[in-house]
Amino acid sequence: MDFAWSDQQRELLDAVDRFASEQLRYDMIENDRNAVFNHDAWKKCGGFGIQGLPVSEEYGGLAQDPITTVAALERLGYGCKDNGLNFSINAHMWTAIIPLVYNGSEAQKKKYLPGLCDGSLIGGNAMSEPNSGSDAFSLATTAVRKGAKYILNGSKIFVTNGPIADVLLVFASTDKAKGAAGISAFLVEKGSPGLDLSHKIEKMGVRTSPMGEVFFEDCEVPEENRLGKEGAGSWMFTRSMTWERGCILAASVGTMQRLLETCIRYANERKQNGQSIGKFQQVATKIVDMKMRVESSRHMLYHCAWAAGRRKAVYLEAAMAKLQISESWVRCCEDAIQIHGGYGYMTEYEIERELRDAIGSKLYSGTSEVQRNIIASMLGL
Ligand SMILES: Cc1cc2nc3c(=O)[nH]c(=O)nc-3n(C[C@H](O)[C@H](O)[C@H](O)COP(=O)(O)OP(=O)(O)OC[C@H]3O[C@@H](n4cnc5c(N)ncnc54)[C@H](O)[C@@H]3O)c2cc1C
């Protein structure tokens with residue numbers, strides 16, 4: 001593994017740094033309180049090329065390899081404090097764009113990818129249901145073929161970007177008797193007859209990333225909007241999930257780096273008993289632990305992306321990176337609050353929000369328990 005960036009990579013990463021710190025810094029306290037999604041920032045990211053980082057130029061992307069992509073997203077997380085926007089972008093990239101890149105027909109790629117890359121379209125992924133979460137393939141939503149259409153019935157829950165989505169990748173059973181092998185995937189467009197995206201869900205963190213329940217009542221989807229073959233849905237989901245686990249928390253590594261720097265500054269400035277609190281060993285140790293978590297998270301992220309870029313199987317590496325980064329992020333936020341004392345608990349200091357934003361990372365894209373199950377199974381347990 002080469003630890004040096006090429007001139008071209010360095011140029012892109014510096015440009016993302018500048019873009020995020022100059023164009024994506026806005027008042028997050030109010031936006032978080034009111035759960036405001038920043039459409040303008042989304043469009044700016046599309047204009048810069050963030051959403052299209054891993055997509056080939058032919059479809060409007062920047063054609064970056066996985067390691068450059070995750071490093072760019074890390075810079076986005078460092079410069080942009082809107083973890084909700086970053087999460088919406090990542091959900092869109094890994095759960096809508098990537099399945100299209102790998103499984104879309106030429107017509108589907110031409111129709112959707114340019115808009116999904118340039119910020120004019122918003123995508124998402126609807127798999128979870130009220131009775132199927134970690135056991136995703138036990139879903140109940142059905143898709144029945146009727147002439148040149150499928151008729152979808154059922155509902156999805158916890159759909160990131162659901163209320164603002166232009167197109168959702170929806171998983172439904174086309175053959176119940178076949179279980180997971182009977183699941184198919186569909187690109188369902190906003191405005192499809194029988195589709196209801198209006199049910200927003202309030203949540204604890206990443207509040208600027210809209211989430212909703214989605215209902216299908218005799219929802220009509222044209223046959224040409226099926227992604228891949230009938231019955232290939234669970235295989236496609238597993239493949240895109242590996243990408244998602246490996247990459248979705250890249251921005252969080254940048255967020256952790258920013259938090260670490262904030263804590264070092266504060267520990268040097270804040271004085272108690274006539275000295276900087278950073279001179280107290282128990283405070284310094286927390287900062288050292290934060291540093292260790294940031295570095296180990298970054299290495300696992302880069303290693304997974306490096307291996308994926310060499311077309312190696314990264315099922316294990318992706319689960320390990322997801323587990324390491326999510327748990328590190330939560331613990332870094334807890335330490336950051338403790339280091340800031342009572343101030344860290346107050347909204348104004350913008351650290352309590354980071355903790356609320358971080359906690360969800362132990363739940364989405366497979367809970368920490370599910371990541372541990374994967375790692376155990378890969379170890380032959
Ligand atoms: C912020 C956020 C965004 C999300 N975005 C999306 C989205 O865009 N699209 C989408 O489809 N879904 C989304 N989800 C849903 C997410 O994928 C599920 O919440 C997750 O898969 C867990 O499912 P569940 O909530 O039903 O919990 P359950 O599966 O019911 O789990 C409950 C508890 O039991 C544990 N558990 C379950 N099974 C096992 C097992 N086999 N071994 C050990 N422990 C187990 C879990 O780890 C957890 O602690 C999102 C969730 C969150 C929080």
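Order of appearance sets the numbers: ligands from 1, and atoms from 1 within every ligand. When a residue number appears, it is its place in the shown sequence, counting from 1. The analysis underlying the following values was restricted to heavy atoms, covering all of them including side chains, and did not include hydrogens, waters or symmetry mates.
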Ligand 1 versus T160: contacting region, heavy-atom distance under 4.0 Å: both

Under a side-chain separation threshold of 4.5 Å, the hydrophobic residues clustered together with Y345 are M346

Mind checking whether M127 has an N or O less than 3.5 Å away from an N or O of ligand 1? yes

Looking at atom 43 (C) of ligand 1, would you say a protein heavy atom lies below 4.0 Å from it? yes

Atom 53 (C) of ligand 1: which protein heavy atom is closest, and how many Å away? L363 CB, 3.9 Å

Within-cutoff protein neighbour (heavy atom, under 4.0 Å) for atom 49 (O) of ligand 1: yes

Y364 versus ligand 1: do any nitrogen or oxygen atoms come within less than 3.5 Å of each other? no

Please work out which of N161, I359, T367, V370 has its closest non-hydrogen atom nearest to atom 22 (C) of ligand 1. T367

Looking at ligand 1, does any of its N/O atoms fall within less than 3.5 Å of an N/O of F158? yes

Nitrogen or oxygen of D135 less than 3.5 angstrom from that of ligand 1: no

Considering only protein heavy atoms, determine whether one is less than 4.0 Å from atom 4 (C) of ligand 1. yes

Identity and distance of the protein heavy atom lying nearest atom 40 (C) of ligand 1: N373 ND2, 3.4 Å

Which option, N125, L169, T95, owns the non-hydrogen atom nearest atom 9 (N) of ligand 1? N125

For S134 and ligand 1, does the shortest N/O to N/O distance drop below 3.5 Å? yes

Closest non-hydrogen atom pair between G79 and R25, with its separation: O-NE, 2.7 Å

